[in-house]
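In what follows, a structure is listed as structure tokens, so that the remarks can point back to it.
These numbers come from the heavy atoms of this one structure, side chains and all, not from hydrogens, waters or symmetry mates.
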Amino acid sequence: MASGVKPRVKVPKTASAGETITIKTLISHKMESGQRKDDDGNVIPRSIINRFVADFNGQNIIDVTLEPAISTNPYFQFEAIVPESGEFQFTWYDDDGSVYETSKAIEVS
Amino acid sequence: MTRQTRVRAGAAIGVVAGVLAVAAHAGPDDDDLVINGEIEIVTETAAPEHIEHVGTIYSGWRFRSDETQAFQVDDFDNPSMIWVEQAEEVWNTAEGAAGKSCASCHDGSDSMAGVRAVYPKWNEDAGEVRTLEMQINDCRENRMQAETWKYTGGEMVNMVALLSAVSRGIPVNVAIDGPAQSTWEMGKDIYYTRYGQLELSCANCHEDNYGNMIRADHLSQGQINGFPTYRLKNTKLNAVHARFKGCVRDTRAETFAPGSPEFVALELYVASRGNGLSVEGPSVRN
Amino acid sequence: MELTRRNVMLLGSAALAATGLGALPASASLAEDEIAKLTGGAETGAGDLKITAPEIAENGNTVPIDVSAPGAVMVALFADGNPTPAVATIKFGPLNPSHEASTRIRLAETQNVIAIAQMEDGSFQRASAEVKVTIGGCGG
């Protein structure tokens with residue numbers, strides 16, 4: 001597992017049924033592009049988050065394939081419809097096989 | 001021509017040059033900064049009386065593009081907060097032979113609100129002007145009996161970012177008189193001394209030419225109220241002494257070391273040029 | 001014509017264009033190759049697809065962009081001046097109302113950011129935005 005990787009998400013705690021909400025996500029990750037060289041001139045191997053998925057109660061909101069052109073500490077902002085109370089699941093997939101997950105509950109009134 | 005008018009003439013030329021080059025804004029823009037919809041940041045105010053050649057002081061935020069400015073409006077969008085959160089954990093974690101954490105003496109990190117604003121500050125017991133970094137290492141060495149941190153190392157810059165974050169919105173107000181005065185005078189001397197093969201002083205860029213283009217970039221007043229700063233360029237938090245070092249190096253000079261008496265004095269002087277601006281760090285710059 | 005710096009530069013680029021050297025850089029066709037692979041060579045029309053990016057980026061390391069693709073099932077982003085043009089591929093799920101996303105990307109130099117959206121009926125839309133990437137004044 002790459003060091004210092006920590007997911008962060010910002011989701012409202014409450015919403016009304018069927019409301020559209022804004023979600024922001026960020027994961028601390030260096031996103032080594034595979035284009036850089038170290039001091040000895042050797043290419044530093046690519047090591048990135050290559051996929052990000054956001055679901056709500058098992059239904060998909062967004063599914064992103066990331067390339068090395070995504071900046072350090074990958075950030076995504078998008079919208080979601082909230083049909084009922086439940087849980088958002090966020091998953092990031094690392095080139096090294098690590099999977100980082102976090103979830104947020106939302107109360108629909 | 002007096003120095004004052006020379007500065008104004010320079011700014012006017014900057015406007016013309018800016019339009020010709022990329023039709024970008026020249027000098028500070030008119031935007032207001034409110035962080036998280038609640039922390040109002042003073043990014044423009046009357047210059048402190050001790051500054052002779054500048055009438056109004058501006059945060060570096062005002063010299064940045066709208067896109068870069070937007071990074072700082074919401075803490076979630078500000079990548080600095082990744083490290084502020086890490087520092088918050090360190091704040092509450094006991095370390096060293098004394099078995100103490102920062103919180104053991106200081107309670108929550110928010111109890112430090114206002115501290116960033118008055119540093120560098122004269123320390124009576126030590127008989128010297130101390131930066132926040134020096135004080136943090138004093139705590140680590142003597143109260144916690146823990147290893148000191150490298151002056152511009154990751155742990156240190158993270159902790160300074162946390163202490164800045166809890167002081168945001170509070171006006172910078174460093175003391176320059178009394179026992180701090182001689183250090184302040186030394187810092188002022190450094191500010192106006194030309195260094196390096198390019199023979200540039202801090203003032204040549206940040207007092208005479210703020211608002212003008214330096215290659216494709218806008219020169220700010222070099223205020224440090226936004227430090228530590230997350231730079232888009234290197235995607236990490238940058239300490240103020242690391243920035244000083246970069247500037248002096250760019251004049252093609254041998255630089256002073258981070259934490260050296262020269263940079264401590266310069267930090268006090270430059271901080272005092274921003275007295276009245278809000279503490280804004282950790283900020284986002286290009 | 002008076003020989004100002006600007007005019008000399010204009011002359012220079014005219015000469016380049018005349019000799020064919022001013023044509024698309026190799027990397028641009030690399031992006032077009034990838035786009036053709038994605039669309040299977042199908043026509044790409046304009047539509048509601050919109051890409052928003054700064055006209056001038058203060059640093060190419062972190063350029064905020066926004067793509068809005070109403071009615072699309074998928075949108076792929078390319079940067080035609082990067083060593084590898086692919087940037088990201090975004091699929092929108094059933095709980096996504098706006099088919100819009102913002103992210104931050106790396107641009108090696110001044111270039112076009114191109115969005116290709118695949119619509120529900122299988123057709124493709126294309127939109128692009130040029131971003132000028134500036135070089136900072138100081139290395140420090």
Side-chain angles (χ1 to χ4, degrees), chain A residues 10-11 15 17-27 29-37 43 46 48-84 86-91 106 108, chain C residues 27 30-31 34-35 38 52-54 57-70 72-109 111-116 118 131 133:
Chain A
K10 186 176 179 180
V11 178
E19 190 183 341
T20 292
I21 59 156
T22 297
I23 296 173
K24 294 180 178 187
T25 69
L26 185 145
I27 187 163
H29 195 283
K30 60 185 178 337
M31 293 292 281
E32 189 60 59
S33 68
Q35 298 286 337
R36 300 199 307 162
K37 289 179 178 171
V43 172
R46 170 184 143 153
I48 69 167
I49 297 283
N50 57 51
R51 188 178 173 212
F52 165 66
V53 179
D55 292 324
F56 179 75
N57 287 353
Q59 278 200 290
N60 183 251
I61 304 161
I62 200 166
D63 185 339
V64 185
T65 303
L66 291 76
E67 305 290 346
I70 297 293
S71 301
T72 310
N73 307 325
Y75 171 94
F76 288 98
Q77 181 182 326
F78 48 93
E79 292 183 330
I81 304 170
V82 193
E84 73 259 336
E87 198 170 67
F88 289 97
Q89 297 94 27
F90 304 94
T91 315
I106 190 164
V108 166
Chain C
S27 52
L30 211 62
E34 290 205 19
I35 291 167
L38 178 74
T52 309
E58 287 192 299
N59 192 291
N61 251 341
T62 315
V63 182
I65 62 156
D66 181 271
V67 62
S68 168
V73 290
M74 181 276 292
V75 60
L77 298 170
F78 301 91
D80 71 5
N82 274 3
T84 55
V87 174
T89 306
I90 304 166
K91 290 180 191 146
F92 301 104
L95 290 185
N96 195 312
S98 51
H99 294 203
E100 181 172 1
S102 302
T103 186
R104 298 164 179 170
I105 69 171
R106 293 168 171 155
L107 297 176
E109 59 188 32
Q111 58 185 290
N112 296 303
V113 181
I114 302 165
I116 303 290
Q118 184 171 21
V131 181
V133 176

Go through [options] and name the one with the most non-hydrogen pairs under 4.5 angstrom from chain A.
options	answer
Ile90(C), Leu107(C), Asp66(C), Thr89(C)	Thr89(C)
Ala101(C), Ala108(C), Pro94(C)	Pro94(C)
Ala88(C), Pro64(C), Pro97(C)	Pro97(C)

Between Asn73(A), Val64(A), Ile81(A), the one whose heavy-atom pairs under 4.5 Å with chain C are most numerous: Ile81(A)
Quick check for you: among Lys24(A), Gln35(A), Arg51(A), which has the greatest number of heavy-atom pairs under 4.5 Å with chain C? Gln35(A)
Chain C heavy atoms under 4.5 Å from [X]: which part of the residue, side chain, backbone, both or neither?
X	value
Leu66(A)	backbone
Pro83(A)	side chain
Thr25(A)	neither

Smallest heavy-atom separation, Ala57(C) atom then Val131(C) atom, equals CB-CG1, 3.8 Å
Between Asn57(A) and Glu87(A), do the side chains contain an N or O donor and an N or O acceptor separated by less than 3.5 Å? no
Donor-acceptor side-chain pairing of Glu79(A) and Ser98(C) below 3.5 angstrom: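 Checked: Glu79(A)/Ser98(C) side chains pair up, N/O donor to acceptor below 3.5 Å.
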What class does the angle between the rings of Phe90(A) and Phe78(A) fall in, given that below 30° is parallel, 30 to 60° is tilted and above 60° is perpendicular?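 Rings of Phe90(A) and Phe78(A): tilted, 30 to 60°.
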Parallel, tilted or perpendicular: which describes the rings of His99(C) and Phe92(C), with under 30° parallel and over 60° perpendicular? parallel
Given 3.5 Å as the limit, does a donor-acceptor pair link the side chain of Asp63(A) with the main chain of Ala54(A), or not?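 Answer holds: no.
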